[in-house]
Amino acid sequence: MKAHDGMYIDGEWRPATGPDVIEVVNPADEQVIGRVPAGTAEDVDLAVRAALAALPAWAATAPAERAARLAALRDVLAARKDEIAETVTAELGSPLKFSQNVHAAVPVAVAGSYAELAATHPFEEKVGNSTVHLEPVGVVAAITPWNYPLHQIVAKVAPALAAGCTVVLKPAEDTPLVAQLFAEAVHEAGVPAGVFNLVTGLGPVAGQALAEHPGVDLVSFTGSTAVGRQIGATAGAALKKVALELGGKSANVILPSADLAKAVNVGVANVMSNSGQTCSAWTRMLVHRDQYEEAVELAAAAAAKYGERIGPVVNAKQQARVRGYIEKGVAEGARLVAGGPESPRDQGYFVAPTVFADVTSEMTIAQEEIFGPVLSILRYEDEEDALRIANGTVYGLAGAVWAGEEAEAVAFARRMDTGQVDINGGRFNPLAPFGGYKQSGVGRELGSHGLTEYLQTKSLQF
Ligand code: NAP
Ligand code: MG
């Protein structure tokens, strides 16, 4: 795989200041596929300085011109979609078809949505005797995870650039190659030097230096709750703005009037796709007691079928972590009906699609984010019981409700403590705000709500 041995700073690839490198591993066969530099605090400082220097001119650039650069970026991402899909498959391990349909395609849609929003968003409004200007917050630190490696970059960088902010990106150490490809695309799109900068490196070194840098005005982070908490505390101490997209433990609520087979099959596919490494995955399926055994049988069969198509998880550490949760589920008394802790293959970080029945809300596997292909099926007595279980975690990122009538599902969804709910298998909408209630995060991404995160208001009174 193609890899740059430098950092993309101030419009060019520059040698890293330190000697350390990160080896990028293909999780499907455990082979090293490339090396990228491991950035230091010095690299981060150079990148933030470049972003600071570029800020006044970019902030003053007409929204129409910012929109034109984003449209060009969308076109480059679309033109290079095959290379993007192959790169994500190589460093994340997802099946090529999923990489094409999701990892490569969604960023094109999101970049396109911000090209349009940059052109049409009202960056000025009248309120009585005031004119309110929506101005960029400044220099953005974007710290991203590996599970949707390009999507999470674009979901931060595109709105930041649309708003007139400049950016320093620290991508996940496991998936830096698609981040380098993104930097090439930004360059090709004619975005001025210093507006976007990339520092590859380790979280506790480059990531932490970036989050702490006094030149940064807003830290936008997606990843684990533990690191998010630390970034929130650091940003709070420095009075920096922060956006955190953290974990989830979303409920898939199947009401008795629903099409059970459809709800179960879509629910299993939702959890198993991307090898369960989706923060919004519906990892808890809630089924009425009268339909429970039928749902368990359907889910076990669907998971077994999924087994042939599943990719590995991202690395050995995640594989061990997921297997640890499966063992814990067994130890706490849940009934294993598909999969299990043994790796289905000799090579690669594979985990078998796993389904647990007889899971109760207190169990660890019903409370903690596993981030692997593991589904828990919980039994409820009535609608109030279902609601109590659905809302009974510290998280509130997403969810699903299935019912015979849409209105019945909507009424239930309105009582869920969560940021997004899919009604009867509703489709992904790149303009809908995405983000968490409770400990799932702070702030929203995507669409106009995502753009607003990168803007601050200035009121002029007349
Ligand atoms: P993570 O460590 O939180 O990684 C997210 C990003 O933060 C990466 O770029 C990471 O760099 C960086 N980072 C790590 N420590 C940092 C620090 N002290 N200061 C600043 N940045 C730092 O997540 P992970 O270890 O990859 O995954 C662990 C668990 O997090 C998963 O099992 C899952 O439960 C959850 N997770 C959630 C999401 C989500 O979409 N909400 C995404 C991924 C993971 P490195 O890549 O070098 O670590
Ligand atoms: Mg980490």
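We're numbering straight along the sequence, starting at 1. Order of appearance sets the numbers: ligands from 1, and atoms from 1 within every ligand.
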Counting from 1 in the order shown, the ligand 1 atoms closer than 4.0 Å to a non-hydrogen atom of Glu369 are 33 (C), 34 (O), 35 (C), 37 (C)
Which ligand 1 atoms, with their elements, are less than 4.0 angstrom from a heavy-atom of Thr144? 6 (C), 8 (C), 9 (O)
Would the distance check show the side chain of Asn391 and the main-chain N or O of Arg388 forming a donor-acceptor pair, the cut-off being under 3.5 Å? no
Numbering the atoms of ligand 1 from 1, which are under 4.0 Å from a heavy atom of Ile231? 20 (C)
Strictly under 4.0 Å, does any heavy atom of Pro171 approach an atom of ligand 1? yes
Aromatic centroids of Trp282 and Tyr395 separated by under 6.0 Å: no
Is a donor on one side and an acceptor on the other found under 3.5 Å between the side chain of Gln318 and the backbone of Val313? no
Filtering Lys170, Glu173, His151 for the heavy atom nearest atom 11 (O) of ligand 1 leaves Lys170
Here the atoms of ligand 1 under 4.0 Å from any heavy atom belonging to Gly207 are 19 (N), 20 (C), 21 (N)
Within 4.0 Å of some non-hydrogen atom of Leu202, the atoms of ligand 1 are 47 (O)
We want to know whether Glu368 and Tyr325 form a side-chain donor-acceptor pair, criterion being a heavy-atom distance below 3.5 angstrom. yes
May I ask you to decide if Gly399's main-chain N or O and Gln420's side chain share a donor-acceptor pair within less than 3.5 Å? no
Is the ring pair Trp13/His4 parallel, tilted or perpendicular, if the boundaries are 30 and 60 degrees? parallel
Gln318-ligand 1 polar pair, N/O distance under 3.5 Å: yes
Could you pull out all donor-acceptor pairs under 3.5 Å where a side-chain atom in residues 147-163 meets a protein atom, sequence neighbours excluded?
from   : atom 1 : to     : atom 2 : distance (Å)
Asn147 : OD1    : Gln152 : NE2    : 2.9
Asn147 : ND2    : Gln277 : O      : 3.2
Tyr148 : OH     : Thr278 : OG1    : 2.6
Gln152 : OE1    : Tyr148 : N      : 3.0
Lys156 : NZ     : Ser220 : OG     : 3.1
Lys156 : NZ     : Thr222 : OG1    : 2.7
Lys156 : NZ     : Glu445 : OE2    : 2.9

Indicate whether any N or O donor in one side chain lies under 3.5 Å from an N or O acceptor in the other, for Glu42 and Thr40. no
So if I count the atoms of ligand 1 from 1 in the order they appear, which ones are less than 4.0 Å from some heavy atom of Ala172? 9 (O), 46 (O)
Which ligand 1 atoms, with their elements, are less than 4.0 angstrom from a heavy-atom of Cys279? 39 (C), 40 (O), 41 (N)
Would you check whether Asp174 reaches within less than 4.0 Å of ligand 1, judged by its heavy atoms? no
Say whether Gln208 and Glu212, considering side chains only, have a donor N or O and an acceptor N or O under 3.5 Å apart. yes
Can a non-hydrogen atom of Tyr148 be found less than 4.0 Å from any atom of ligand 1? no
Per atom 41 (N) of ligand 1, closest listed option by heavy atom (Asn315, Thr234, Thr175, Leu246): Leu246
Using only atom types and a distance under 3.5 Å, with no angle test, would you say the side chain of Arg323 pairs donor to acceptor with the backbone of Pro341? yes
With respect to atom 5 (C) of ligand 1, which of Ile143, Leu244, Thr222, Val314 exhibits the smallest heavy-atom separation? Thr222
Taking both backbone and side-chain atoms of Val227, is any N or O found less than 3.5 Å from an N or O belonging to ligand 1? no
Considering distance alone, does some N or O of Gly203 sit under 3.5 Å from an N or O of ligand 1? yes
So, Thr364 and Glu332: side-chain donor and acceptor under 3.5 Å apart, yes or no? yes
Would you say Gln152 touches ligand 1, if touching means a heavy atom closer than 4.0 Å? yes
Under 4.0 Å between heavy atoms, the region of Thr225 that gets near ligand 1 turns out to be neither
Using a distance-only test with no angle check, is there a side-chain donor-acceptor pair under 3.5 angstrom linking Ser280 and Ser250? no
If you measure from each non-hydrogen atom of Ala226 to ligand 1, which part falls under 4.0 Å: side chain, backbone, both or neither? neither
Does any N or O in the side chain of Asn274 come within less than 3.5 Å of the main-chain N or O of Gly276, such that one atom is a donor and the other an acceptor? no
Taking only non-hydrogen atoms of Trp146 and a 4.0 Å limit, the atoms of ligand 1 in range are 24 (P), 26 (O)
In terms of its nearest heavy atom to atom 18 (N) of ligand 1, the top option of Gln230, Arg229, Glu212, Glu245 is Gln230
Could you tell me whether Ser224 approaches ligand 1 through its side chain, its backbone, both or neither, with non-hydrogen atoms closer than 4.0 Å? both
